[in-house]
Amino acid sequence: MTAKKYQKVAYYPGCALEGTGHSYNRSTKALGAALGLEIDEVKNWNCCGAMEVKNIDPKLQTYLSSRVMAIAAQEMGYDAVMAPCNGCYHNLKKAEYDLANDEESRQVVDSLSKKAGHGTYKAGEVETIHALDWLKESIGEDGIRERVRNSLKGLKIANYYGCMYTRPRHIFPEKDKGPGSESTSQPHFMDDLLAAAGAEIVDYPLKTACCGGAHSLSDSDISTKLVLNLLRAAEACGADVIATECPTCHSGLEMHQVRAEKRFGIKTTPVILYFTQLLGLALGLNPRDLGVHENISDSLPLLRERGLAV
Amino acid sequence: MPIHEKHLIREENLLTHDKLVIEGVDVSGHWSTFIQTRVVSDYNEKMEDEIAALPGGEHINRCWQCGSCTNSCTVNAINPDFNPRYWIYLIRTGMESELLRDKDIIWQCVSCNKCTYACPRDVFPEGVMKATSHWLTLKGHTPKSPLQIFDEEFAGQVFAKGKIEESRLIRRFFARTGQPVVQDWLLSMVKRMIKYLPVKMLIGLGLQTLFHPRARGWARARAAINEYVHEKEAAHRKALGLPADAPEAPDAQQPQPHLDRKALIAALKN
Ligand code: SF4
Ligand code: SF4
């Protein structure tokens, strides 16, 4: 048997997982521990630059992301860094692409790294992967199936991937490579993993639609409208749950579900859970250890009814 | 280049006559609607180069007006006036006054990158939207948009400390845009959060005032970043022909009613 990939990776949680996305952080770590996968937090990491720094200067965002990769590769000696946040994942990928293809970006990063007193990251030193890649490659559907203790059978799930996991295409050269690879138009890694855990995956047309996360606070009405589209489409598909794989999408869905109810009187039924929480439940982990109680969206009544929580 | 999209003819540019006689022929009815004749005399031929000099706008000249960006656009589906293809056309043809009619909505791009995914010419329209809204603010056509204020607060924290602290970010953003921190829907959210974790929540809130996330040994990175930012800002002002000491635009305000004490208690109760 060939050795499975990503048994040991550098872990880059990012700012959101230390704040509003802490239950994603908790459930990712709990999964790693339960599955015997080693994740080693990047030492003294900094913010990847997010969309906000990119808006001010894309090359500064490239520098910030490159510092994280430099630490993972040069100081910690890893060949893969795993980021569960779509924003972090996207930004590290974008920095990787820019450093491989753009001389000016290389110069800016080199000059800033020298002044800041750390090694300059060079394209190719480390591979950036998402938490979905990590679980898909290290454990895979078969591994999940073998380990399921509480099947998610009967739970109808709409998988929501958002924007940053697949767009723009050019920063994800490994996607759209045929069977086995991830698709940028019809992503399926989360579908595959949750289906292996027994869930019924609904055919959700808005997998890669936008939740308006960039404007969660700066233009709340637009975000509320976009989130309502997502929630209502999931309802129309008969989904009990929307599974997420990004802290910004997740908290956007939670916040604007509440806001739609409060400001516009529109109530929607799906509950929102991180895919890592759902996988953890299937593996028989305690909901508390997966941060289910910390979500704003209250999924406990549903999980109790389905025998997935006490 | 003709504009094919009918909805792009603004209502105020359509002239409809109840009764119209032209050269002695009565054309009332079917033939009485015209597009107002306009002579554009205020071309700003520098506009394209200026926007191309700002981050994100670099590749605007590649656009061949296919319209895929507008077709795929998330915000266009909500507001048909949000039209990246049209704005790129106006910028490239120097139609400044026409562009300025939409100046207050260009910042509303949600950066979903559907346009960039669809664009056959690698224009990166999402970047063009950002460059255009920066241009509008730098030129004094608009105040700083709520998005720009958020970006500044966020980036300011990252530059200073290497990490962000969400609660501080939200407080500062609300203060600068003239909004109350205590809003009905935010309260409902807090209520849901404390449903299962009253104690932890309180500890969390207390900790956030004591514990400020930061990367260690960040001082040299901070200095290098600040130096780079100042250089860039000066370069942008120069590219736009602005004096080095051009005043900053004011912050856009989004006033919302404050909840008074009674409303606050009521909101917490139900
Ligand atoms: S990134 Fe902006 S302009 Fe492009 S499709 Fe999304 S909302 Fe529209
Ligand atoms: S998709 Fe690209 S080429 Fe087509 S109109 Fe938009 S920016 Fe221009």
Side-chain angles (χ1 to χ4, degrees), chain A residues 15-16 18-20 44-47 49-60 63-64 67 108 111-118 163-164 166-170 184 208-210 212-215 217-220 222-223 225-226 254-255 258-259 261-263 293-298 300, chain B residues 55-56 74-75 78 107-114 116-117 122 124 126-127 130 134 145-155 157-159 162-167 170 173-174 177 184-186 188-189 192-193 195-197 200 213 215-218 220-221 223-225 227-229 232:
Chain A
C15 305
E18 284 197 339
T20 42
N44 196 25
W45 53 264
N46 56 276
C47 167
M51 191 176 290
E52 287 76 3
V53 174
K54 190 269 313 168
N55 288 348
I56 287 176
D57 192 291
K59 293 194 175 62
L60 265 186
Y63 162 68
L64 289 165
R67 180 181 177 275
V108 170
S111 137
L112 287 172
S113 302
K114 287 204 172 102
K115 286 183 194 163
H118 57 81
C163 302
M164 313 283 270
T166 56
R167 284 192 299 271
R169 194 197 317 255
H170 67 270
T184 57
T208 65
C210 177
H215 284 314
L217 291 171
S218 46
D219 196 3
S220 303
I222 282 207
S223 297
K225 276 184 196 146
L226 294 173
E254 288 189 320
M255 272 168 62
V258 175
R259 192 170 184 274
E261 201 180 321
K262 206 64 206 171
R263 282 276 161 94
H293 299 70
E294 295 161 41
N295 292 348
I296 292 168
S297 171
D298 186 1
L300 282 166
Chain B
T74 299
V75 179
I78 293 176
W107 69 273
Q108 288 182 309
C109 159
V110 290
S111 290
C112 65
N113 269 315
K114 292 212 165 186
T116 306
Y117 189 90
D122 274 355
F124 303 102
E126 184 266 348
K130 299 296 160 218
H134 275 164
S145 70
L147 181 71
Q148 198 180 337
I149 297 170
F150 195 82
D151 290 345
E152 282 183 6
E153 284 300 324
F154 189 105
Q157 280 196 19
V158 176
F159 298 165
K163 288 189 181 184
I164 59 151
E165 182 191 337
E166 286 169 332
S167 59
I170 293 169
F173 172 73
F174 280 151
T177 51
D184 52 354
W185 64 283
L186 288 171
S188 317
M189 249 173 58
R192 292 200 190 190
M193 269 193 295
K195 186 168 171 189
Y196 297 110
L197 331 133
K200 187 170 172 303
R216 290 185 311 280
W218 190 251
R220 289 177 65 184
I225 290 171
E227 185 190 324
Y228 175 85
V229 170
K232 282 282 160 179

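Throughout, a chain's letter reflects where its sequence line sits, starting with A, and its residues are numbered from 1. Computed from a predicted model, the values in this text were never measured in an experiment.
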Notebook entry, point to check: Where does B/Lys130 contact chain A at under 4.5 Å (heavy atoms): side chain, backbone, both or neither?
Noted result: side chain
Check: Given the options B/Pro146, B/Ser111, B/Cys112, which has more heavy-atom pairs under 4.5 Å with chain A than any of the others?
Finding: B/Cys112
Next item on the list: List the steps, then state whether side-chain contact (heavy atoms from CB on, under 4.5 Å) holds for A/Ile222 with B/Val75.
Entry: CA-CA 8 Å; A/Ile222 282 207; B/Val75 179; 4.2 Å; yes
Item checked: Contacting moiety of A/Ser113, where chain B heavy atoms sit under 4.5 Å -> neither
Notebook entry, point to check: Under a 4.5 Å heavy-atom cutoff, which of A/Val53, A/Leu60, A/Thr208, A/Leu226 has the most pairs with chain B?
Noted result: A/Leu60
Check: Passes side-chain contact (heavy atoms from CB on, under 4.5 Å), A/Ile56 versus B/Phe154? Steps please.
Finding: CA-CA 10 Å; A/Ile56 287 176; B/Phe154 189 105; over 6 Å; no
Next item on the list: May I ask you to name which of A/Met255, A/Lys225, A/Glu254 has the most heavy-atom pairs under 4.5 Å with chain B?
Entry: A/Met255
Checklist line | Which atoms of B/Leu147 approach chain A - backbone, side chain, both or neither, heavy atom under 4.5 Å | finding: both
Check: Within the distance-only criterion (no hydrogens, no angle test), does the side chain of A/Asn46 pair as donor or acceptor with the backbone N or O of B/Ala215 below 3.5 angstrom?
Finding: no
Checklist line | Contacting moiety of B/Trp218, where chain A heavy atoms sit under 4.5 Å | finding: side chain
Margin query: Using every non-hydrogen atom in the two residues, find where A/Leu112 and B/Ala224 come nearest and quote the distance to one decimal.
Written below: CD2-O, 3.5 Å
Check: Quick one: side-chain contact (heavy atoms from CB on, under 4.5 Å) partners of A/Arg169, sequence neighbours excluded?
Finding: A/Asp176, A/Thr184, B/Tyr117
Checklist line | Segment of B/Glu153 engaging chain A (4.5 angstrom heavy-atom cut-off) | finding: neither
Margin query: Less than 4.5 Å to any heavy atom of chain B: does that hold for the side chain of A/His170, its backbone, both, or neither?
Written below: side chain
Note to self: Working to the nearest 0.5 angstrom, can you tell me the gap between A/Glu18 CD and B/Lys163 NZ?
What the structure shows: 4.5 Å
Check: Which pair of non-hydrogen atoms, one from A/Asn44 and one from B/Arg216, has the smallest distance, and what is that distance?
Finding: OD1-N, 2.7 Å
Notebook entry, point to check: Hey, what do you get for CZ (B/Phe150) to CG (A/Asn55), rounding to the nearest 0.5 Å?
Noted result: 11.0 Å
Notebook entry, point to check: What distance do B/Lys232 atom NZ and A/Asp57 atom CG have between them, rounded to the nearest 0.5 Å?
Noted result: 5.5 Å
Check: Got a second to check how far A/Leu217's CG is from B/Ile149's CD1, nearest 0.5 Å?
Finding: 12.5 Å
Checklist line | Segment of A/Lys54 engaging chain B (4.5 angstrom heavy-atom cut-off) | finding: side chain
Next item on the list: Just do the side-chain contact (heavy atoms from CB on, under 4.5 Å) check on A/Lys59 and B/Tyr228 with the steps written out, would you?
Entry: CA-CA 10 Å; A/Lys59 293 194 175 62; B/Tyr228 175 85; 3.5 Å; yes
Notebook entry, point to check: Heavy-atom distance under 4.5 Å to chain A: side chain of B/Gln157, backbone, both or neither?
Noted result: neither
Note to self: Measuring from atom CD1 of B/Ile225 to atom NZ of A/Lys115, what distance do you get when rounded to the nearest 0.5 angstrom?
What the structure shows: 11.0 Å
Next item on the list: Compare every heavy atom of A/Ser218 with every heavy atom of B/Phe173, then report the nearest pair and how far apart it is.
Entry: CZ-CA, 3.6 Å
Item checked: Closest heavy-atom pair and its distance - B/Val110, A/His215 -> CG1-CD2, 3.3 Å
